[in-house]
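Everything numeric here is computed off the predicted structure, so don't read it as measured data.
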Amino acid sequence: MDFDAVLLARLQFAFTIAFHIIFPSFTIGLASFLAVLEGLWLSTRRDVFRNLYLFWIKIFALSFGMGVVSGVVMSYELGTNWAEFSKTASPVIGPLLAFEVLTAFFLEASFLGVMLFGWRKVGPGLHFVATVLVAVGTLISAFWIISANSWMQHPTGFTILTDGSLRATDWMAVIFSPTFPTRFVHMTLAAYLTTALAVGGASAWLLLKQRAQPESRMALRMAIAMFAIVAPLQLVAGHDSGKLVLEHQPLKTAAIEAYWKSGPDQPQSLVGLPDREAGKTRFELAIPGIGNMIQGAPRDQALKGLDAWPREDWPVVGLVYWSFRAMVGLGLAMIGLGAWGVWLIARNRLDGSVWFMRAAVAMGPAGFVAVIAGWIVAEVGRQPWSIYGVLRTADSASPVGAGQVSASLLAFMIIYAIVFSAGAVYILRLIDKGPAPDPEPLPHGEGRAPGTALAAVPAEPEA
Amino acid sequence: MTLDLPLIWAALIAVAVLLYVLLDGFDLGVGILFPFARSPKDRDAMMESIAPVWDGNETWLVLGGGGLFAAFPLAYAVLAPALYLPLILMLLALILRGVAFEFRLHGRKRGKAFWTAAFAGGSLVAALAQGLVLGGFIQGITVRDGRFAGQPFDWLTPYSLLVAAGLVAGYALLGGCWLVWKTKDELHGDARRWTRIAGAGTAVLLAAVSLATLTVHPRVAARWGFIDGQVSMDVLPFLPIPILGAAGLLIVVEGLRRREHGMPFAGAALIFLSGYLGLAVGFFPAIVPPDIDFRQAANADNALALMLVGVSLLLPLILGYTAWVYWLFRGKVGGDEGYH
């Protein structure tokens, strides 16, 4: 396969997986949020929780559908575009992906049907169980996919046979590779944070339109509590993750921080334009003397710079550098928003604070951007390897020509653009309409179209 | 006792693919029949009959792809590039029809019309693309050094187009039978008519595909005992397979005649089972016809063993709750009895 086809295949994978990750990041958190809402509704019988559940389940159904169909693509794209990777990696991570399907996808898909359409067919308790199972399924799915990806970042528990093929020697070391536990926590927190910000942004939008709306007031408070707690935790998890990168993938750290030269007492680059050709950062603003401290290393310890590796092994430094800064910058803004929100709640001034509401609306999509930026750091930072140190991306591709790859890339771009814009419009419309304050009583056989998520919602939970 | 892991996995993947074809087959079939519905109300009822289960049905496709990756990586790595364009076409079509389930409810006038068309068109194109994949697969794949070594359009032949047409008719038959089972009144009557037409189409096309396979692909014909125009006794053990298909067709016809509601679906499933077994006879033990057999393509034994532990615990559970979901949503949809 020629160079252009590899590059096109990479673009296609980057495009389809970046599109896909938007939805799991949202639905992992939203499924848990819905489980909490339904649990609160069943235990307190307060209408506000039911109305919020019925509101967010509609947005969940839309997002989950887009996540499912864009996810099916991934399970075939590994073969269509990355056949050599599949052959090489399968003996080790094949079971992980198979377990993802068996433990997570079936669970989610089956109980989603009950969750959306089973209102009058199962009791409230069993319906709650279905919601919880969907939420658990999303987390199990994240477990396996992060496990497989962590192995690609820092492969352990395998051996290379004389014919060049891989064999697992220790399954626990494969599944729980050193970076996995921290990265799993990091991704789960990211999903919760993304959802909390989206819920907060939507609620703030509705409160800006109509101040006293009880559902949005409740949801905004729940969202603030969530991101005020999770955002600082994420800083800790992210920092731990960074330390593991330094330990296991020092080249990625060098790209993230634009360390061009190895040595002790690295500076902390804040902003600048990394120039890969020249091997330096232009227009750089850096704080000397604190780089090692930020990495959690003693000041006199030498940290490897990019010069420690041959240039053909370097990732695209500028992209990694800036994606990392986007992620961290947004993370810090989330911590700030959380602190501000808690302060306003403590002083009982949240409802009147138009500026906080506007800021929450502006930060509504921040989680999605941060998640994508974080994955760019992880994936582009691993280049030019698909399995770090084992298999190069250039040797991972399928024997297909640039024509097929570019035609399919174009088709994906068109279809995804249509699906994404329509989905975004429908979700934003729903958000703009807001939760129904008092769902209309459901006369027998009238009201909502059959087949809709709400076709059979009871007005009251039946005991 | 040592387990023949590759053989067990070949059986498991074969069952997963068959379940996929039967389950997603009927909901794709409902999509193919969508343009023939009399009214928006009928279309809503058709959608309602599959909305709670389509996602689970499609998960068998993910198990097919993921399972092939995990159990027979060489087959996965050869077949996917060889069938690149029809696979991508299938994925794109499945995307459009998959999101249509939700998007149709949220679109306004033009949006709703667009997603209605996307559901019907996506279902049809996905079925066609799967037929092209199947046709390309039966025809055989050019392999050199464990890699696909053919041309991008190898899969596109009159034979594969015939297979694609047959699969569309077959899915329409499954969809029609499903609707006979799940709907009532006027829509039920329409579904009976669609089932008759799709059943006739399936019978003709299945016969045509069988004949074409035996004449165009001597390799497959030899398996069935037809060599150089001579029929040998080798054909005898396989005779139950076409008989099974004929019995299935008879059950569909008889079910419709007796105005049974569930019986035609069982007959259609038998027709698919017969076609599936018939194909399997043609190329087993090859997993990438004609050159790679399932043992060559199998993953490392320790990977297969680990997955077998998982699958023997999880598959009964999955089948159990899948059956429970179908049981939960049993009975007729639509009409005037309200929303249950």
Counting only non-hydrogen atoms closer than 4.5 Å, does L314(B) touch chain A with its backbone (N, CA, C, O), its side chain (CB onward), both, or neither?
side chain
Contact origin within N299(B) toward chain A - heavy atom pairs under 4.5 Å
side chain
Taking all non-hydrogen atoms of both residues, which atom of R429(A) and which atom of H106(B) are closest, and how far apart?
NH1-O, 3.2 Å
Quick one: what part of F99(A) sits under 4.5 Å from any heavy atom of chain B, side chain, backbone, both or neither?
side chain
Interatomic distance, Q404(A) atom CD to L85(B) atom CG [nearest 0.5 angstrom]:
4.5 Å
Most contact-rich option vs chain A, by heavy-atom pairs under 4.5 angstrom, among R108(B), E58(B), R97(B), M90(B), is R108(B)
Among A168(A), S165(A), P91(A), which has the most heavy-atom pairs under 4.5 Å with chain B?
P91(A)
Check whether I427(A) gets within reach of chain B through its side chain, its backbone, both or neither, counting any heavy atom under 4.5 Å.
neither
Most heavy-atom pairs under 4.5 angstrom with chain B, which of W171(A), Y416(A), F105(A)?
W171(A)
Could you please spell out the steps behind the side chain to side chain contact (heavy atoms under 4.5 Å, CB included) verdict for Q12(A) and I88(B)?
CA-CA 12 Å; Q12(A) 180 171 321; I88(B) 300 281; 4.1 Å; yes
How close do L62(A) and E102(B) get, heavy atom to heavy atom, and via which atoms?
CD2-CB, 3.8 Å
Atom pairs and distances, donor-acceptor, side-chain atoms in residues 106-116 of chain A, under 3.5 Å, two or more places apart:
unit_1  : atom_1 : unit_2  : atom_2 : d
S110(A) : OG     : F106(A) : O      : 2.9

So what's closer than 4.5 Å to chain B heavy atoms on L78(A): side chain, backbone, both or neither?
both
Could you go through R147(B) and E84(A), starting from their C-alpha distance and side-chain angles, then the distance that decides it, and tell me whether this counts as salt bridge (Lys or Arg N to Asp or Glu O under 4.0 Å)?
CA-CA 9 Å; R147(B) 287 183 182 80; E84(A) 296 302 310; 3.0 Å; yes
Checking F412(A) against chain B: side chain, backbone, both or neither under 4.5 Å from a heavy atom?
both
Atom group of I318(B) that falls short of 4.5 Å from chain A, counting heavy atoms:
side chain
Where on L102(A) is there a heavy atom nearer than 4.5 Å to chain B: the side chain, the backbone, both, or neither?
both
What donor-acceptor contacts under 3.5 angstrom involve side-chain atoms of residues 59-77 of chain B, with partners at least two apart or in another chain?
unit_1 : atom_1 : unit_2 : atom_2 : d
T59(B) : OG1    : D55(B) : O      : 2.8
Y76(B) : OH     : S75(A) : O      : 2.6
Y76(B) : OH     : G79(A) : N      : 3.0

Shortest non-hydrogen separation from L91(B) to Y76(A) and the atoms involved:
CD1-CB, 3.9 Å
